[in-house]
Protein chains: 2
Amino acid sequence: MRRHNTAMVLAEVLRRPGLSRAGVAAATGLAKATVSSLVDRLVAARLVDESGPQSATGRGRRGTGLVPSPTGPHGLGVEIGVDYVATCLVDPTGGEHAHRVRPGDNRGRPPAEVLAAVNRAVRSAKADAGRRGVAVGGLGVAVPGLVDRVSGVVRAAPNLGWSDVDIPAALGAELPVLVDNEANLAAVGELATGELAGTRDFVLVSAEIGVGAGVVLDGAVRRGTHGFTGEIGHVCVDPDGPVCSCGARGCLERMAGPAAILADAGVTAASAPLDRPLADLAGRLAAADPAALAAVRRAGVRLGIALAGVVNLLDVPAVVLGGGYARLHDWLAGPLGEELDRRVIAAQWSPTAVLVSALGGKAAVYGAGQAALREILADPDTYIRRVADPAS
Amino acid sequence: MRRHNTAMVLAEVLRRPGLSRAGVAAATGLAKATVSSLVDRLVAARLVDESGPQSATGRGRRGTGLVPSPTGPHGLGVEIGVDYVATCLVDPTGGEHAHRVRPGDNRGRPPAEVLAAVNRAVRSAKADAGRRGVAVGGLGVAVPGLVDRVSGVVRAAPNLGWSDVDIPAALGAELPVLVDNEANLAAVGELATGELAGTRDFVLVSAEIGVGAGVVLDGAVRRGTHGFTGEIGHVCVDPDGPVCSCGARGCLERMAGPAAILADAGVTAASAPLDRPLADLAGRLAAADPAALAAVRRAGVRLGIALAGVVNLLDVPAVVLGGGYARLHDWLAGPLGEELDRRVIAAQWSPTAVLVSALGGKAAVYGAGQAALREILADPDTYIRRVADPAS
DNA sequence: AGCTTTTGGTTCGGGCACTGAACTTAATCC
DNA sequence: GGATTAAGTTCAGTGCCCGAACCAAAAGCT
């Protein structure tokens, strides 16, 4: 009961920062007395701060504003990338701190070795938090692979060469650990920042080596029955198109994936890290190179065909371009938007917004930190008990 | 608090009928005493029945089985179709009773007139319930159009020629009224019956005049930000295909919709009611007519292209064929399944099931009744208070 | 048969959390 | 400066859940 109400009160403060106790009481339907006592607990746990008296809104005593505390428990985000380990801290207001990337090739290295490095990174991030005088409330880990949602075991991470790696066990039981797919956590990150803050539905299309999507509906990342959600790369864009590695014809990835765009634009690209050639391509686009412009335009139309299907099916008000697509946004958004306007049935009532990822490469780490934080903010009572009574 | 716990207890009984009080206590984590008192309330409200002593499972006293009561409050489902009004009653076990279809062309008739007819149908269904000695706990109304989720106002129903019709107001305030789109409620219906009972994720593709889809994720029908979810008919199947009424090329509806299949198979069809020509087509298929078989096979492949995209994106374990497609299931499922196996990335781990609608044309009415019922079952405490104290 | 063991279900006192009303504090308006 | 309005706190009252003790019923052992 108290658990539920504490969560309600905190949720209200997060939703409308600066609200007074009385305002929270009105919004939640709880009695003023109840809200007061719950707010006291939240303030004691440093989850909420009093921001001083509100500005006058009429006559009568002014309320004391309540805001999420930037010095409350932080979420510690970790991303295990193919060639780096990144960490960052996320405070209850959503602020990001101590972002750090440690390069190092993790491909094919024994998991234990990588996890030892991760552990060092985590300890160092905790030390950062200590220096800042804030507590770390939980850990979020982003992995480029399939993760069992409940146990946190990595079932398969082909790009790392991992299977059945128990990350929570490896990171010790000091703090609650949450493990999830890198794309899902990137979507969580986007969900919490920039233009998307407050949006409850969108699709994030991200070009990395392949093309993936994060699907956010009703404010939650959808993972699907097996955790395979987001394989948009193999949506059919042209049944007569070229054969894709998956065996089918005309997949989005084959026709508008980063490799396809680069080839179409005549940019020579090595295999794995596409950052460099994409930067080259962006340069040519900025210089108005006709071949590059045409290639990106074609990719935009194809992306539009695929995304129009998604938007028609799910009625999301926005699509977000992430990963490699984020860098091409300025040139992609036009043709993509036109194609969406043409094909989306609901476009005449409300056109679909085409946005850029606000976080770029940081999305996954930040999302991991956010996710860890959200566990606490969604159930503050459990956190309060945990810090009050270290026994359990 | 009690509200939450009462709902938990009832949910557990619905999930595992025949469970004893002790079993519920173990499953929910509540104290036996609490469960006893809550069960008493549920039994008094006729939501739960005692089914007598359980069979022996070892030594010790046998528990008294608890089951959802078939004589508890029923959900009254109403479907306002283009050329009929249908009603039915759904009991707490999911059983359907008193299904009745009243033909009558509602196209272009003034809403007030249609609603008067609906009101008569509702009264008659209530009388049916009275004769059966059961209470009606709530009303669900299925409408072929866009509905405001919170107010229950029909924003637009092109096939009826309606806009901004306030159905709850027209049906009086005696009972809680829930209004939703016909396709969404059909999905609710499927969700509750047959092979799908217990499934939490699937996509229902239904061929009526157009092609629509119901999307069920995590056990809930997804409606989208504007309520436009499910416009799968305009997913692109071939960018070089024929021009569709929506202006784009190669839409699923234009290439594998009922009209397209009939034309492809050489079945002459009048415009509006496609029941007859579809029956003709089914006849030809049964007689192994080569043109008909080839046309349906082509449609299956095209449906497969569109649905593979959906399955790749959302990772649903099953697609369900409804409406006109249900009749063609035996011939569609083969090519459709093959196409899904070919195109769905996760198919090698778990192939996508292709199922038939278990309810056929009754899905929407039944779903409407189910939805009304679920409102009660999801929050039994509110219902119990309502019947105990008619004041509120 | 009678006793023990095991499990299901009820009764009852205790305690926690929410509520409503009264009260204090603080601001505006006249 | 008093009236009015609103925020926030204090406090007694109440509802609901819990644990423990207690009855009930069934199986197994002697």
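Scope of the values below: all heavy atoms of this structure, side chains included, with no hydrogens, waters or symmetry mates. Chain A is the first sequence line, chain B the second, and so forth, proteins listed ahead of strands; every chain is numbered from 1.
Residue contacts for A/S37: at a heavy-atom cut-off of 4.0 Å it reaches no nucleic acid atom on any strand shown. B/S20 comes within 4.0 angstrom of the backbone, heavy atoms only, and of no base.
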Without placing hydrogens or testing angles, list every side-chain donor-acceptor pair under 3.5 Å for residues 169-178 of chain A, not counting sequence neighbours.
none

Can you list, pair by pair, the side-chain donor-acceptor contacts under 3.5 Å of residues 23-32 of chain B, counting residues two or more places apart and other chains?
unit_1 : atom_1 : unit_2 : atom_2 : d
B/T28  : OG1    : B/V24  : O      : 2.8
B/T28  : OG1    : B/L30  : N      : 3.3

Between side-chain atoms of residues 366-380 of chain B and protein atoms elsewhere (two or more places apart, or another chain), which donor-acceptor pairs fall under 3.5 Å?
unit_1 : atom_1 : unit_2 : atom_2 : d
B/Y366 : OH     : B/G94  : O      : 2.5
B/Y366 : OH     : B/Q370 : NE2    : 3.2
B/Q370 : OE1    : B/R374 : NE     : 3.4
B/D379 : OD1    : B/T382 : OG1    : 3.1
B/D379 : OD2    : B/T382 : OG1    : 2.5

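Listed by chain and residue number, B/R21, B/E50 satisfy the side-chain contact (heavy atoms from CB on, under 4.5 Å) test with B/T64 (two or more places apart in sequence, or in another chain). Scanning for side chain to side chain donor-acceptor pair (under 3.5 Å) contacts around A/D180 gives A/N184, A/R223, with sequence neighbours left out. Partners of A/H226 according to the ring-ring contact (aromatic ring centres under 6.0 Å, His included) rule, which considers only residues two or more places apart in sequence or in another chain, are A/F228.
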Provide a list of protein-nucleic acid N or O atom pairs under 3.5 angstrom, restricted to nucleotides 13-17 of chain C.
unit_1 : atom_1 : unit_2 : atom_2 : d
C/dA17 : OP1    : A/R2   : NE     : 3.3
C/dA17 : OP1    : A/R2   : NH1    : 3.1
C/dA17 : OP1    : A/R2   : NH2    : 3.1

Could you run down the sub-3.5 Å N/O contacts of the protein with nucleotides 20-26 of chain D?
unit_1 : atom_1 : unit_2 : atom_2 : d
D/dA24 : N3     : B/R61  : NH1    : 3.4

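Look at NE2 on A/H4: it is 15 Å from P on D/dC17, rounded to the nearest Å. A straight line from CE of B/M8 to P of D/dC16 spans 16 Å, rounded to a whole angstrom. Computed from coordinates, the B/D381 CG to D/dG15 P distance equals 14 Å when rounded to whole Å.
Positionally, the nearest nucleotide of DNA chain D for A/Q54 lies more toward the 5' end than for the other of A/Q54 and B/T6.
Screening residues 127-139 of chain B for salt bridge (Lys or Arg N to Asp or Glu O under 4.0 Å) gives B/D128-B/R131 as the qualifying pairs, with residues at least two apart or on separate chains. Applying the salt bridge (Lys or Arg N to Asp or Glu O under 4.0 Å) definition to pairs two or more places apart or across chains, none involves residues 53-78 of chain B. Among residue pairs with one or both ends in residues 3-12 of chain A, those qualifying as side-chain hydrogen bond (donor to acceptor under 3.5 Å, both in side chains) are A/E12-A/R15, A/E12-A/R16; sequence neighbours excluded.
For the helix from C/dA1-D/dT30 to C/dC30-D/dG1, the end axes, each set by the C1' atoms of five terminal pairs, are bent relative to each other by 0° (nearest 10°).
Side-chain atoms of B/T225 come within 3.5 Å of backbone atoms of A/D315 as a donor-acceptor pair (strictly under, hydrogens ignored). Judged by distance alone, the side chain of B/D218 and the main-chain N or O of B/A220 form no donor-acceptor pair under 3.5 Å.
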